[in-house]
Amino acid sequence: MQREYRRLSRRTRHLLALPEGLNVDFKREVQAVRSADLVAFANAPLGGTLLIGIDEYTTSDGVQRGRVVGCEVDDKARLTLINKSTGCIPNVEVQLFTENLAASKPILRIEIPSGTRKPYCTQRGEYAIRTDGRNRAMLPEELLAIFMEREGDLFLSRFRKAVQQLEVQLGSVNHSLSEGMLGVSEHLYDLDQQLQRTLSRIEQLTDSNKKRSRNLMQALRQSQDGIVQLENSIAPVINDQGQHLLQDIEHKLGMLLDLLDSDSNGNH
């Protein structure tokens with residue numbers, strides 16, 4: 001972006017053709033700029049422009065205009081303006097342009113966009129806003145409206161962030177539960193196959209082995225009860241896939257118990 005102009009920029013020529021108003025203010029020298037001038041434009045809906053090195057005069061038809069008289073544009077002048085902007089609360093963002101350098105009357109153009117962190121005030125706690133051709137103190141209801149809007153936006157931003165984090169956490173929990181249930185299902189499938197092979201030989205078992213078989217059936221019943229308790233505890237957060245896996249586990253355990261019961265009854 002061009003910051004220095006040998007002549008007056010098109011924007012400055014346009015502003016000089018207008019009277020001081022809602023979006024433009026003329027200053028004779030840098031020392032005439034107050035922090036309240038910066039704050040007033042930052043609090044305004046459209047921001048505004050300060051033209052420094054401009055003297056006001058009244059035309060023959062009674063209209064006020066500005067004419068170029070020049071001002072200091074050195075580093076000291078720039079630093080003075082920057083210090084005023086950073087001294088505001090919060091800091092007011094400004095853009096500095098130097099114009100008319102080829103003539104003997106250089107000027108400074110200060111662009112102040114409408115702030116994103118309203119309301120702004122001076123170090124003395126002065127809240128101001130630009131109106132038609134002047135600055136005025138902000139009314140309590142204006143300040144309240146700005147505070148409420150800002151806090152509302154902040155709350156919505158935090159709420160959306162919290163919801164996103166919760167969704168990620170729930171997704172992670174569901175993923176972990178699904179993987180865990182798949183692992184349990186695979187182990188139960190292996191157990192099912194082993195017991196099927198064992199049941200084919202149950203008629204050949206001795207009385208001692210039949211006793212161990214009854215112990216195995218008791219252990220399976222306890223495992224089934226544990227699965228039911230697990231389902232009840234995680235049912236509020238588990239997804240549909242997890243529910244199906246739990247039901248599959250319970251079904252396999254039930255089949256094993258039925259086989260053991262039928263075999264046990266057949267050998268009495």
Side-chain angles (χ1 to χ4, degrees), residues 1-5 8-56 64-101 105-147 149-151 153-154:
M1 179 184 296
Q2 186 176 353
R3 297 287 184 176
E4 295 184 350
Y5 296 82
L8 295 177
S9 66
R10 180 181 301 176
R11 175 167 175 75
T12 297
R13 293 196 302 271
H14 170 71
L15 294 174
L16 287 173
L18 303 174
E20 283 186 319
L22 184 64
N23 300 319
V24 62
D25 192 7
F26 303 143
K27 297 294 183 183
R28 176 65 181 79
E29 55 189 10
V30 171
Q31 288 73 18
V33 178
R34 300 180 301 117
S35 297
D37 297 321
L38 305 178
V39 164
F41 280 127
N43 284 328
L46 300 177
T49 306
L50 281 173
L51 292 179
I52 307 174
I54 307 298
D55 196 14
E56 293 182 62
Q64 283 191 328
R65 290 288 188 269
R67 60 168 161 242
V68 177
V69 295
C71 67
E72 297 292 333
V73 296
D74 57 10
D75 291 342
K76 181 179 178 180
R78 290 169 171 271
L79 184 60
T80 297
L81 293 170
I82 291 174
N83 287 339
K84 288 181 183 293
S85 67
T86 56
C88 299
I89 305 172
N91 296 347
V92 173
E93 296 183 8
V94 298
Q95 296 177 342
L96 278 66
F97 300 87
T98 307
E99 301 188 12
N100 211 31
L101 290 173
K105 300 176 181 179
I107 69 167
L108 289 170
R109 172 165 56 93
I110 316 301
E111 296 289 350
I112 304 137
S114 181
T116 59
R117 301 168 63 191
K118 299 183 181 72
Y120 295 83
C121 70
T122 66
Q123 287 183 332
R124 296 181 177 181
E126 179 183 357
Y127 291 91
I129 191 169
R130 185 71 176 179
T131 56
D132 191 12
R134 65 183 183 90
N135 302 333
R136 67 165 174 82
M138 296 189 71
L139 301 175
E141 54 267 29
E142 292 175 322
L143 288 172
L144 179 60
I146 291 175
F147 279 120
E149 181 180 1
R150 186 180 68 182
E151 292 304 315
D153 291 341
L154 182 60

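Nothing fancy with the numbering, it's 1 onward along the sequence.
- When side chains are defined from C-beta on, I107 counts as touching L8, because their heavy atoms get closer than 4.5 Å.
- Using a 4.5 Å heavy-atom threshold, the side chains of L101 and P106 count as touching.
- The two residues G66 and L16 make their nearest non-hydrogen contact at O-CD2, 3.7 Å.
- For A32, the side chain to side chain contact (heavy atoms under 4.5 Å, CB included) partners are K27, E29, not counting sequence neighbours.
- When side chains are defined from C-beta on, I110 does not count as touching V33, because their heavy atoms never get closer than 4.5 Å.
- Across every non-hydrogen atom of G21 and D132, the tightest pair is CA-OD1, 3.9 Å.
- Closest heavy-atom contact between A128 and A36: CB-O, 4.2 Å.
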Item checked: Stepwise side chain to side chain contact (heavy atoms under 4.5 Å, CB included) test for R11 and F97 -> CA-CA 11 Å; R11 175 167 175 75; F97 300 87; over 6 Å; no
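- At least one donor-acceptor pair under 3.5 Å links the side chain of R28 to the backbone N or O of G70.
- Shown here is N83, whose CG atom has more than 12 heavy atoms of other residues, nucleotides or ligands within 6.0 Å.
- The shortest side-chain heavy-atom distance between N23 and L18 does not fall under the 4.5 Å cut-off.
- Side-chain atoms of D37 come within 3.5 Å of backbone atoms of R34 as a donor-acceptor pair (strictly under, hydrogens ignored).
- More than 12 heavy-atom neighbours from other residues, nucleotides or ligands sit within 6.0 angstrom of CZ on R3.
- Contact check for Q123 versus S35: no side-chain heavy atoms found under the 4.5 Å cut-off.
- Within the 4.5 Å cutoff, the side chain of T131 has heavy atoms near those of the R134 side chain.
- Using the six-membered ring where Trp is involved, Y127 and F147 have ring planes that are perpendicular, over 60° apart on the 30 and 60° scheme.
- Under the 3.5 Å distance criterion, the side-chain polar atoms of E99 are matched with a main-chain donor or acceptor of S9.
- Here K105 contributes atom NZ and I54 contributes atom CD1; the two are 10.0 Å apart, rounded to the nearest 0.5 Å.
- Here the side chain of R130 pairs no donor or acceptor atom with the backbone of N43 at under 3.5 angstrom.
- At least one side-chain heavy atom of V68 sits under 4.5 Å from a side-chain heavy atom of N100.
- Put simply, the side chain of F41 reaches to within 4.5 Å of the side chain of D25, judged on heavy atoms.
- The structure places CD of E4 at 11.0 Å from CG of L96, a figure rounded to the nearest 0.5 Å.
- Judged by distance alone, the side chain of T49 and the main-chain N or O of V24 form no donor-acceptor pair under 3.5 Å.
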Item checked: side chain to side chain contact (heavy atoms under 4.5 Å, CB included) evaluation trace for V39 with N135 -> CA-CA 9 Å; V39 164; N135 302 333; over 6 Å; no
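- The CG atom of N91 sits 11.5 Å away from atom CD1 of I82, with the distance rounded to the nearest 0.5 Å.
- Within a 6.0 Å radius of CD in E93, other residues, nucleotides and ligands contribute 12 heavy atoms or fewer.
- For the atom pair OH of Y120 and OG of S114, the computed distance is 7.5 Å after rounding to the nearest 0.5 Å.
- Taking CZ of R117 as the start and CD1 of I89 as the end, the distance is 11.0 Å to the nearest 0.5 Å.
- Between the OG1 atom of T12 and the CG atom of L51 there is a distance of 5.5 Å, given to the nearest 0.5 Å.
- At distances below 3.5 Å, at least one donor-acceptor pair connects side-chain atoms of E20 with backbone N or O atoms of F26.
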